[in-house]
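One structure is given below, encoded as structure tokens.
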Amino acid sequence: MKEITRKDLQSMDAPADGWYIIEAAGDHPKDISLTDGSRVEIMQRLTPEVLARVAAAGVPPEGLFIDQDHLSHNLGNTTEAMGWVRELAMCEGDMAARIEWSSVGMELVSGRVYKHFSTEYAAPRHREIAAGVMEPDYLRGLALTNKPNNWRGQPPITNRKAETPAPQAPSSQIQNQKDFQPPQGAEAKTQTNTQTMQYNPELLALLGLADGATDEEVLTAVRALKDGADAAAEAEAEALVNSEEAKEGVELSEEEKKECREEVVTNRARGLRYTSMLCQNKRLSKAPAAGAVTNRYAGAGRTPALTNRKSPQAAEQVICNRANEIIAERARNGQKMSWWTAVSQARLENPNK
């Protein structure tokens with residue numbers, strides 16, 4: 001696991017590619033939605049030890065996608081990348097990420113449209129929900145936001161004062177409290193330093209709101225839409241997992257089903273492959289696979305008694321098994337390797353799988 005110092009961090013006065021603190025150590029409350037539609041608050045325990053484990057897990061070889069306010073979870077929203085996390089490290093007890101900004105993301109942080117990061121970890125396990133404390137294992141997502149869940153102790157992305165107004169949607173008019181210049185003379189008696197927002201009437205109509213709706217009314221309507229989308233995604237994931245179980249004639253444990261649903265919600269195609277592979281492995285572990293051939297002459301130094309052509313899912317399982325072996329080998333030598341790096345090495349060893 002990599003260690004950096006505060007001197008290695010990107011200057012807040014001039015955002016650019018480089019290292020940023022994305023998570024400050026500490027206990028952070030988190031409100032989560034359950035599959036039955038209820039909500040529960042648990043504590044994210046992000047001690048330096050837990051963050052070190054997350055940093056050691058690393059990110060995928062292609063980098064970790066950064067979006068806006070986690071909106072890309074809804075397939076109807078844009079999947080435009082604000083940037084990519086290339087690696088993780090510990091920085092004096094906090095967790096840092098080396099970020100390469102896209103042109104869109106750089107414009108947003110330079111213009112101070114967004115000021116903070118919002119981290120996303122794998123959904124808590126049942127036992128963590130019951131205990132009320134979550135200690136994550138790896139980072140699943142990162143977003144630009146102005147309302148992060150875990151904001152205490154997190155430095156802003158930038159303090160740079162914009163030379164030109166931040167780009168705004170043509171349908172809105174924003175007056176930022178920090179940039180507000182108080183009026184002089186008699187006008188100062190009647191004007192106050194406040195933040196106002198004028199929303200597009202068409203947007204308000206789509207949200208079922210009337211002209212002149214307040215910020216709180218708009219936020220409530222948007223939250224309701226997001227909660228509905230999250231619930232729909234969870235319901236679809238559960239139906240897909242149940243379908244795979246029925247197709248293979250197996251029954252997954254609650255923990256396994258939970259992991260499968262999380263994968264489907266995060267990445268539908270990858271989650272379905274994972275679920276299918278898990279169900280097939282359960283079926284194959286109960287009885288010999290269809291088409292298996294028994295070799296009556298099997299013995300020492302000969303081919304195994306039971307052979308079967310490997311399916312794509314079985315080949316993927318070989319890669320996963322080899323990745324676990326690589327991690328174990330490194331551990332015996334006192335070295336650490338992230339899961340993603342081990343998978344990449346396993347694929348290099350078996351280019352045909």
Using a distance-only test with no angle check, is there a side-chain donor-acceptor pair under 3.5 angstrom linking Thr275 and Glu244?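 Note: Thr275 and Glu244 side chains miss the donor-acceptor criterion.
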Distance-only side-chain donor-acceptor flag, Thr214 / Glu216, under 3.5 Å: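 Not at all, the side chains of Thr214 and Glu216 share no donor-acceptor pair under 3.5 Å.
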Backbone of [Y] reached by a side-chain donor or acceptor of [X] within 3.5 Å:
{"X": "Arg86", "Y": "Glu62", "result": "yes"}
{"X": "Asn281", "Y": "Leu278", "result": "no"}
{"X": "Ser102", "Y": "Met82", "result": "yes"}
{"X": "Gln345", "Y": "Glu349", "result": "no"}
{"X": "Glu87", "Y": "Val59", "result": "no"}
{"X": "Asp137", "Y": "Ala122", "result": "no"}

Can you check whether [X] reaches [Y] side chain to side chain, under 4.5 Å on heavy atoms?
{"X": "Arg273", "Y": "Glu263", "answer": "no"}
{"X": "Phe117", "Y": "Ile21", "answer": "no"}
{"X": "Ile99", "Y": "Gln10", "answer": "no"}
{"X": "Val218", "Y": "Asp215", "answer": "no"}
{"X": "Ile4", "Y": "Leu9", "answer": "yes"}

Look up atom CD1 in Ile66 and atom OG in Ser118, then write down how far apart they are to the nearest 0.5 Å.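 Rounded to the nearest 0.5 Å, the CD1-OG separation comes to 11.5 Å.
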Would you sort out whether Glu120 and Arg140 count as a salt bridge (Lys or Arg N to Asp or Glu O under 4.0 Å), showing the intermediate values? CA-CA 6 Å; Glu120 178 186 351; Arg140 192 170 74 171; 3.1 Å; yes
Can you name the closest pair of heavy atoms from [X] and [Y] and give their distance?
{"X": "Ile326", "Y": "Ala346", "result": "CD1-N, 3.9 Å"}
{"X": "Glu248", "Y": "Cys279", "result": "CG-CB, 3.7 Å"}
{"X": "Val85", "Y": "Ala97", "result": "CG1-CB, 3.7 Å"}
{"X": "Asp27", "Y": "Pro29", "result": "O-CD, 4.1 Å"}
{"X": "Met134", "Y": "Pro124", "result": "SD-CB, 4.0 Å"}
{"X": "Pro15", "Y": "Val109", "result": "CB-CG2, 4.1 Å"}

For residues 229-240, which side-chain N or O atoms pair as donor and acceptor with protein atoms under 3.5 Å away, sequence neighbours left out?
unit_1	atom_1	unit_2	atom_2	d
Asp230	OD2	Lys226	NZ	3.0
Glu236	OE2	Arg268	NE	3.3
Glu236	OE2	Arg268	NH2	3.2

Basic-acidic side-chain contact under 4.0 Å: [X], [Y]:
{"X": "Glu255", "Y": "Lys258", "value": "no"}
{"X": "Asp17", "Y": "Arg98", "value": "no"}
{"X": "Glu329", "Y": "Arg322", "value": "yes"}

Working note: Glu256 + Ser253, criterion side-chain hydrogen bond (donor to acceptor under 3.5 Å, both in side chains); need CA distance, chi angles, decisive distance, verdict. CA-CA 5 Å; Glu256 289 170 332; Ser253 67; 3.3 Å; yes
Kindly indicate, with the supporting measurements, whether the criterion side-chain hydrogen bond (donor to acceptor under 3.5 Å, both in side chains) is fulfilled by Tyr121 and Glu23. CA-CA 12 Å; Tyr121 303 100; Glu23 194 75 276; 2.6 Å; yes
Check whether Tyr114 and Leu219 end up in the same hydrophobic cluster, where Ile, Leu, Val, Met, Phe, Trp and Tyr are linked by side-chain heavy atoms less than 4.5 Å apart.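 No, Tyr114 and Leu219 fall in different hydrophobic clusters.
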Tell me every residue that passes side chain to side chain donor-acceptor pair (under 3.5 Å) with Glu3, counting only those two or more places apart in sequence or in another chain.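 So Glu3 forms no side chain to side chain donor-acceptor pair (under 3.5 Å) with any residue.
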Determine the interplanar angle of the Tyr20 and Trp101 rings, folded into 0 to 90°, and report it as parallel if under 30°, tilted if 30 to 60°, perpendicular if over 60°.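 Judged by the thresholds at 30° and 60°, the geometry between Tyr20 and Trp101 is perpendicular.
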